[in-house]
Amino acid sequence: MTRTFLHTMLGRLIKTYGSTALLIAEKPIGEEKIGFGVEEFVVDGVIILKTRSIGENIVGTLEIRKMRRKIRKPEYEYAITDNGIDFFDVPELKRVEFEPTWSRITSGIEKLVD
């Protein structure tokens, strides 16, 4: 019932004013559910702002968990500056398999032999 009410009311409001609605909810630490759990179903997009410490720096990450439009990448790093919010691409790391170029060398100690 809550989901239907939110979906109907938000839809009418957005359509009437030709606007974009932003629902902002706080996600408690350790919780996966956002808000009451129905908001994710009635909105066009879900964006989660996260922070993590890397050494002495705090890095902000924007995760696009849901978007009804096509997105290029699901995650960006961001920084809040005097001019607004700057977004940075998070480089995609690719695992490369490699063949070791070294060969086995004996130590001469019999107890170390397989």
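Each residue takes its place number in the sequence, starting with 1.
Residues G60 and T51 approach most closely at CA-CG2, 4.2 Å, considering heavy atoms. Annotation for Y78 and I85: closest pair CB-CG2, 4.0 Å, computed over non-hydrogen atoms.
Grouping the Ile, Leu, Val, Met, Phe, Trp and Tyr side chains by contacts below 4.5 angstrom, directly or via other members, places I80 with I64. Hydrophobic clustering, with ILVMFWY side chains joined whenever heavy atoms are under 4.5 angstrom apart, groups M67 together with L62.
Relative ring orientation between F87 and Y76 is described as perpendicular, the plane-to-plane angle rising above 60° on a 0-90° scale split at 30° and 60°.
Counted within 6.0 Å of CD1 on I54, heavy atoms from surrounding residues, nucleotides or ligands total more than 12; the atom is thus considered enclosed.
Distance check, rounded to the nearest 0.5 Å: CD1 of I47 to CD1 of I71 gives 9.0 Å. T61 OG1 to L49 CG: the interatomic distance, rounded to the nearest 0.5 Å, is 9.5 Å. Summarising the geometry, atom CD belonging to E77 is positioned 5.5 Å from atom CZ belonging to R52; distances are rounded to the nearest 0.5 Å.
Electrostatic pairing of K73 and E75 does not count as a salt bridge here, judged by no charged N lying under 4.0 Å from a carboxylate O.
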